[in-house]
Amino acid sequence: MSVIDEPLRFDAGALAATRVPGKVTLVGAGPGDPDLLTVKAERALRRAQVVLYDALVGLEVLALVPEAARKLFVGKRCGHHALTQAAIIELMLRLARSGQPVLRLKGGDPFIFGRGGEEVQALAAEGIPFEVVPGISAAQGAAASLGIPLTHRDHASALVFATGHLRRGAQDADEAVPDLDWALLARPNQTTVIYMGTGALPRICAQLIAHGLAGDTPAATVERATRPDARLVKGTLLSLPALAQVHAVQAPALIVVGSVIGLQAELATTLRGLPQVAMV
Ligand code: SAH
């Protein structure tokens, strides 16, 4: 028989520490058009109590969250982070540890250039349960809405997604080039989609040519895909940087490279929904 002679203590801190953590649900908000949410994402949003959301999440998507829920903006605007990635993770952990279910809402798909991987690693390390609800990534939204098949038997038997983001410190250097496997990106019979690459567009096009792609390879930028103000700028690897400058192409935008871009004009004739898209 064991004797318990300790007086009962109600230590709030200890209680919080032993509390069952809340589940964290990483939800992909899709590329912008709220109709492109998954049914599962919509259900999660309608039940949410605390939402941590990024800059690329559209207002219509956020409007699905109940009025009474806490909505915390943790994204990046005009190059400035509201919170660092470490602070976002810390906040998410703190909320979950306190027992609250947390909805972490990210643009596109959480596991495609969304740093969702780092966030679920932190959750797993702390034993916090989580779930991931995939979203339609920007490349898929752009492709479907504009009539750019990402793969095609006659044009592209492989598809590569890459990030053109320059590492911190390299961003201001005019000559800085994203640290990528250029030979892989420049392979023929492939579609290459570069996220976060508009700032480095001239250098990206030059590298692709230097690694073997012809200067007349079709290339395009797609800004704000699936949103009412979406814009497509089409050219070639040689002409696109100047076109993008003339038309002041801005983030969020994708760079799409490959001969599938050449199919766009043919498909655009009867593709529904396209007239709203500004094309250059
Ligand atoms: N997880 C997101 C990507 C986040 S990285 C996804 O799966 O789509 C942010 C980059 O995504 C932007 O810099 C831009 O390159 C791209 N992006 C996101 N939404 C976009 C949109 N509606 N149109 C074009 N590019 C977009």
Side-chain angles (χ1 to χ4, degrees), residues 25-38 41 52-62 73-82 85 88 103-120 132-148 150 159-168 171 178 180 185 191-201 203-205 219-234 240 244 247-257 261 264 273-274 276-280:
T25 309
L26 263 77
V27 175
D33 177 354
D35 283 356
L36 291 178
L37 279 173
T38 63
L52 305 186
Y53 68 99
D54 284 345
L56 287 175
V57 173
L59 289 179
E60 299 98 325
V61 171
L62 216 52
F73 175 68
V74 296
K76 187 167 79 164
R77 216 159 257 168
C78 303
H80 297 292
H81 284 280
Q85 185 63 30
I88 294 171
L103 193 153
R104 176 73 178 105
L105 187 60
K106 293 172 163 290
D109 181 88
F111 278 179
I112 297 182
F113 304 126
R115 304 190 76 170
E118 292 158 58
E119 295 181 13
V120 294
V132 182
V133 180
I136 291 182
S137 194
Q140 296 163 286
S145 60
L146 296 169
I148 303 170
L150 291 173
L159 171 62
V160 175
F161 289 174
T163 169
H165 181 69
L166 294 167
R167 289 195 173 270
R168 200 185 291 269
Q171 268 154 354
L180 291 167
L185 266 51
T191 304
T192 299
V193 183
I194 300 175
Y195 289 65
M196 294 173 279
T198 38
L201 178 66
R203 287 161 268 170
I204 288 169
C205 291
T221 58
V222 185
E223 294 164 272
R224 302 176 298 279
T226 80
R227 297 174 195 218
D229 57 349
R231 189 166 63 151
L232 170 68
V233 176
K234 284 195 292 182
L240 191 63
H247 298 287
V249 169
Q250 279 175 3
L254 297 169
I255 304 167
V256 186
V257 180
I261 298 289
Q264 200 274 335
L274 199 61
Q276 297 139 12
V277 176
M279 269 188 284
V280 177

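For ligands, and for the atoms within them, numbers begin at 1 and follow the listed sequence. Just so we're clear, the structure is a prediction, and the values are computed from it rather than from any experiment.
Here the protein heavy atom with the shortest distance to atom 4 (C) of ligand 1 is Phe113 O, 3.3 Å. Protein heavy atom nearest atom 24 (C) of ligand 1, with residue, atom name and distance: Val222 O, 3.4 Å. Shortest contact from atom 9 (C) of ligand 1 to any protein heavy atom: Leu56 CD1, 3.6 Å. In this structure, atom 2 (C) of ligand 1 lies nearest to the protein heavy atom Gly107 O, 3.3 Å. Closest protein heavy atom to atom 1 (N) of ligand 1: Ile112 O, 2.7 Å. Residue, atom and distance of the protein heavy atom nearest to atom 7 (O) of ligand 1 are Ser137 OG, 2.6 Å. Counting protein heavy atoms only, atom 11 (O) of ligand 1 is closest to Tyr195 CD2, 3.4 Å. Annotation: atom 13 (O) of ligand 1 to nearest protein heavy atom, Met196 CG, 3.2 Å.
For ligand 1, the atoms closer than 4.0 angstrom to any heavy atom of Asp109 are 1 (N), 6 (C), 7 (O). For ligand 1 and Ala225, the ligand atoms under 4.0 Å from any heavy atom of the residue are 21 (C), 22 (N), 23 (N), 24 (C). Short contacts between ligand 1 and Pro31, defined as distances under 4.0 Å to a heavy atom of the residue, involve ligand atoms 22 (N).
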Inset, instruction - Tell me, with the steps shown, if Leu159 and Val193 meet side chain to side chain contact (heavy atoms under 4.5 Å, CB included). - result: CA-CA 8 Å; Leu159 171 62; Val193 183; 4.1 Å; yes

Legend entry - Derivation of the side chain to side chain contact (heavy atoms under 4.5 Å, CB included) call for Ile255 and Ile204: CA-CA 9 Å; Ile255 304 167; Ile204 288 169; 3.9 Å; yes

Legend entry - Intermediate values then yes/no, side chain to side chain contact (heavy atoms under 4.5 Å, CB included), Leu185 and Leu180: CA-CA 8 Å; Leu185 266 51; Leu180 291 167; 3.8 Å; yes

Inset, instruction - Dump the intermediate steps for side chain to side chain contact (heavy atoms under 4.5 Å, CB included) on Leu201 and Leu240, then the final yes or no. - result: CA-CA 8 Å; Leu201 178 66; Leu240 191 63; 4.0 Å; yes

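Taking 4.0 Å as the cut-off, Arg224 counts as a neighbour of ligand 1 on heavy-atom distance.
Residue contacts with ligand 1, taken as heavy atom pairs separated by less than 4.0 Å, involve Ala253 solely via the backbone atoms N, CA, C and O. At a 4.0 Å heavy-atom cut-off, ligand 1 does not touch Thr198 at all.
Closest approach of Ala230 and Arg224 over heavy atoms only: CB-O, 3.3 Å. In terms of heavy atoms, Gly135 sits closest to Gln140 at O-OE1, 4.4 Å. Closest non-hydrogen pair, Pro110 versus Val27, comes out as CG-C, 3.9 Å.
The only option from Leu103, Leu62, Val74 that meets the side-chain contact (heavy atoms from CB on, under 4.5 Å) definition with Tyr53 turns out to be Leu62.
At distances below 3.5 Å, at least one donor-acceptor pair connects side-chain atoms of Lys106 with backbone N or O atoms of Gly114. Between the side chain of Gln264 and the backbone N or O of Ile148 there is no donor-acceptor pair closer than 3.5 Å.
When the options Ala230, Pro134, Ala138 are ranked by their closest heavy atom to atom 8 (O) of ligand 1, first place goes to Ala138.
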